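Comments concern the structure below.
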Amino acid sequence: MSKKKNSSSINKVFTQLVLDIFEQNGNTPLNTKQVAAKLNIRDSEANEIIFNVLKDETKKGVLKEITHGKFQLLELKTFIEGKVDLTADGSAFIITDDEFESDIFVAPRKLRTALNGDRVKVYVYAKSKGKHKEGEVIEILQRAKMEFTGIVKLSERFAFFIPDDRKMMHDIFIPMSELNGAKNGIKAVAEITDWPVDAKNPIGRIKHILGKQGDNNTEMNAILAEYGFPLAFPAEVEHESEEISDVITPEEIAKRRDFRNVTTFTIDPFDAKDFDDALSFRVLENGNYEVGVHIADVSHYIMPDSALDKEALDRATSVYLVDRVIPMLPERLSNGLCSLRPKEDKLCFAAVFEMDEDAHVINQWFGKTVIHSNRRFTYEEVQEVIENKTGDFEQEILKLNALAYKLRERKFKNGAISFETTEVKFKLDETGKPTGVYVKERKDAHKLIEDFMLLANRKVAEHVSKMGKGKHKYTFVYRVHDTPKPDALANFAQFAAKFGYKINTKSDKETAKSLNYLMEDVEGKKEQNVLTQLAIRSMAKAIYTTKSSSHYGLAFDHYTHFTSPIRRYPDVMVHRLLFHYLNGGQSANEEHYEKLCQHSSQMEKKAADAERASVKYKQAEYLRDQVGNVFSGVISGVTEWGMYVEIIENKCEGMIRLRDISDDFYTLDEKNYAIIGQRKKKVYQLGDEVQIRVKNVDLTKKQIDFSLVQD
């Protein structure tokens, strides 16, 4: 590096130190000596440099000289912290913590080395760019990520790594000594190790080789790596899981309620490998029904702060990609010890309900159980029993279904919202290539299980919430869903009205009622998916928190996740806390659990993003062989640069770019979710049916381009 460049960098750093003094001291007017004292500088030469900095920054309009020799930051200038949201042209908006009315715009040259998602400190200028303030990144506080998936490109003396992430604008320079055996064109994971001052590109090393680009395993593992999920369990964790005894001792059984002689079964997808919930059923002497919701007792096997526990917490969730599950727990636990397999004694944590004919809960009990499942059902097998009224355990299944219907009816009457989204599934060949696409149907068998799981989750949350009052409330992990923001709901209601659907937003209950009518009305219609997705987008996101609050979508005053500890860490926390409180324990540390809740919510979002990325990849792979084919589609999204269209037949989504529509110049009408031709005034609106041709498929970007087939 040249001396000139080095000197320039030092000057920048020193200038920033001087400006920070004003920020740290509440922008109190200071002279040269006062700034020097606060920087702990005593020599006269440095004082002169400080004086020059103060004068230079005054000329630039960063400082103002309010009296002779005394300086202050200009009033409208400040420092803020926020998260970088990078745009396609390399500029960024800094998403702030509500300090400013709008986000802060940062030009590409003023981003320094900040990357998408990084938490940064920004210097905000007085001037604005349109409706946005402008700023400059002065410090990177926390990197969002340092590892990227992408392709290795070799030359004779050096290598570059080209990241897949479209928001990663810089290739990574890889010294030949850090290639880790990677060959030209191979897909890999690279880690940034250094980013020298004034260097255009970061320096990194190849951490993992994923394989040949386009291979199914390579691409699925790349998605996992991209979202920060590990590809294997550490040896210590595997070893710890293998050491756990599979023997259920008489002493352990004696501590539990024994349900081994009560009719019990599991109901799961046909391809499920782990079974974490079972239902027991019997008729009581008084004519009421006892329904037990038995959940795998994961917390019995995983000790707090063990290697297993730390790994489960880090992952926080299992990840469900198109062709595989990346479990939160090693296979010995998820498919073995904790899986409620038929004809085996298994340890559970249960919510047991005495219910009358109308599915009202007369009595309830929470505690540890031991079960022996009589039968493993698939959803399809149970559906056959429900429809044909004959088959294994028909009486139990039919009665459970009748009770579930009543629970469901009451839930919707109380204001729950029924969102029936379409779930896309792929038929895959032995190499993982998609040969077909279908939409998964949800029938009574699915809803039966769902309704009893909802009952258990709700009753556990209610039980703990009533254990203490005010300051003496017990710390617990809740699943909370906030009410929708009025403006988002109003926008949705306005759009739904264009299709002839009326949404009453006078109260939460009326809103829920009219949304349910809408969901019933649109079922099977071409606009179903668009309206359902828009309605969901107008809702707040459900999160984990220790703050006891209601679940708007389900219309429950208290709700938690108790029923899936094999695949969700919050459920493990709920089991531990509930057991602790049932045994007279004191309230747990709220701050500690709130941090765990925030982490779990973040990882849940990452898992959902990874799942969506795998679906997008398979959709692109499926349409790659159909370039040139024409399909009917529904407009599913509109933006400034194009419109998204979902093919009706296979639910694959792609984009028609506005520049490719040749009959007019089209612009976005944001308010009406439409694009409008400026001369002919032709309108393409969300939900409209259009004919499209598959124009291009880019597997690397998981991107599908359509062209509009015009009349």
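If you're wondering where the values come from, they're calculated on a predicted model, not measured in any experiment. Residues take their numbers from the sequence shown, with the count starting at 1.
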Taking the side chain as every heavy atom from C-beta outward, state whether [X] and [Y] have any atom pair closer than 4.5 Å.
X	Y	value
Met655	Thr639	yes
Val84	Leu115	no
Tyr593	Phe476	no
Gln685	Asn672	yes
Pro230	Glu311	yes
Ile223	Lys702	yes
Leu179	Val152	yes
Leu224	Leu231	yes

Would [X] and [Y] pass as an ion pair if we require N to O under 4.0 Å?
X	Y	result
Lys606	Glu611	no
Asp482	Lys541	no
Lys681	Asp664	no
Lys187	Glu219	yes
Lys167	Asp85	yes
Arg612	Asp609	yes

Ignoring hydrogens and angles, tell me if any N or O in the side chain of [X] forms a donor-acceptor pair with the backbone of [Y] under 3.5 Å.
X	Y	result
Gln34	Asn31	yes
Thr560	Ala461	no
Asn221	Leu210	no
Lys133	Phe105	no
Asn201	Asp171	yes
Ser155	Ala159	no
Asn116	Leu86	yes

Reported [atom1]-to-[atom2] distance for the pair [X] and [Y], which is rounded to 0.5 angstrom:
X	Y	atom1	atom2	value
Asp118	Leu141	CG	CG	9.5 Å
Thr700	Asp698	OG1	CG	5.0 Å
Leu577	Thr475	CG	OG1	8.0 Å

(request) Output, in order, the C-alpha distance, side-chain angles, deciding distance and verdict of side chain to side chain donor-acceptor pair (under 3.5 Å) for Glu48 and Asn52. (result) CA-CA 6 Å; Glu48 194 178 329; Asn52 289 335; 4.6 Å; no
(request) Identify the two heavy atoms, one from Glu653 and one from Lys616, that lie closest to each other, and give their separation to 0.1 Å. (result) OE1-NZ, 4.1 Å
(request) Could you please spell out the steps behind the salt bridge (Lys or Arg N to Asp or Glu O under 4.0 Å) verdict for Arg657 and Asp705? (result) CA-CA 8 Å; Arg657 295 177 194 283; Asp705 286 328; 3.3 Å; yes
Could you tell me if the ring centre of [X] sits under 6.0 Å from that of [Y]?
X	Y	result
Tyr478	His561	no
Phe148	Phe161	no
Tyr684	Tyr666	yes

(request) Test salt bridge (Lys or Arg N to Asp or Glu O under 4.0 Å) on Lys55 and Glu65 and set out the steps. (result) CA-CA 8 Å; Lys55 283 290 187 186; Glu65 193 169 4; 3.1 Å; yes
(message) Classify the ring geometry of His551 against His481: parallel below 30°, tilted from 30° to 60°, perpendicular beyond 60°.
(response)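 Rings of His551 and His481: tilted, as their planes differ by 30° to 60°.
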Is the [atom1] atom of [X] crowded by more than 12 outside heavy atoms at less than 6.0 Å?
X	atom1	answer
Glu236	CD	no
Lys183	NZ	no
Lys83	NZ	no

(request) Run the numbers on Glu81 and Lys121 for salt bridge (Lys or Arg N to Asp or Glu O under 4.0 Å), then give the verdict. (result) CA-CA 5 Å; Glu81 290 182 13; Lys121 190 175 185 181; over 6 Å; no
(message) Side chains of Glu226 and Thr149: any donor to acceptor distance under 3.5 Å?
(response) yes
(request) Classify the side-chain pair Thr545/Glu594 by whether it contains a donor and acceptor separated by less than 3.5 Å. (result) yes
(message) Can you see whether Tyr544 has Arg479 sitting over its ring - NZ or CZ less than 6.0 Å from the centre and within 45° of the normal?
(response) yes
(request) Please confirm whether Arg315 makes a cation-pi placement over Phe233, using NZ or CZ under 6.0 Å from the six-membered ring centre and within 45° of the ring normal. (result)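 Geometry flag: set, cation within 6.0 Å and 45°.
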(message) If you apply the rule side chain to side chain contact (heavy atoms under 4.5 Å, CB included), what do you find for Ile503 with Phe492, and how did you get there?
(response) CA-CA 9 Å; Ile503 306 292; Phe492 173 70; 4.2 Å; yes
(request) List the steps, then state whether side chain to side chain donor-acceptor pair (under 3.5 Å) holds for Thr667 with Gln678. (result) CA-CA 7 Å; Thr667 58; Gln678 295 305 287; 2.7 Å; yes
(message) Going by side-chain contact (heavy atoms from CB on, under 4.5 Å), Tyr569 matches just one of Asp309, Thr317, Asp314. Which one?
(response) Asp309
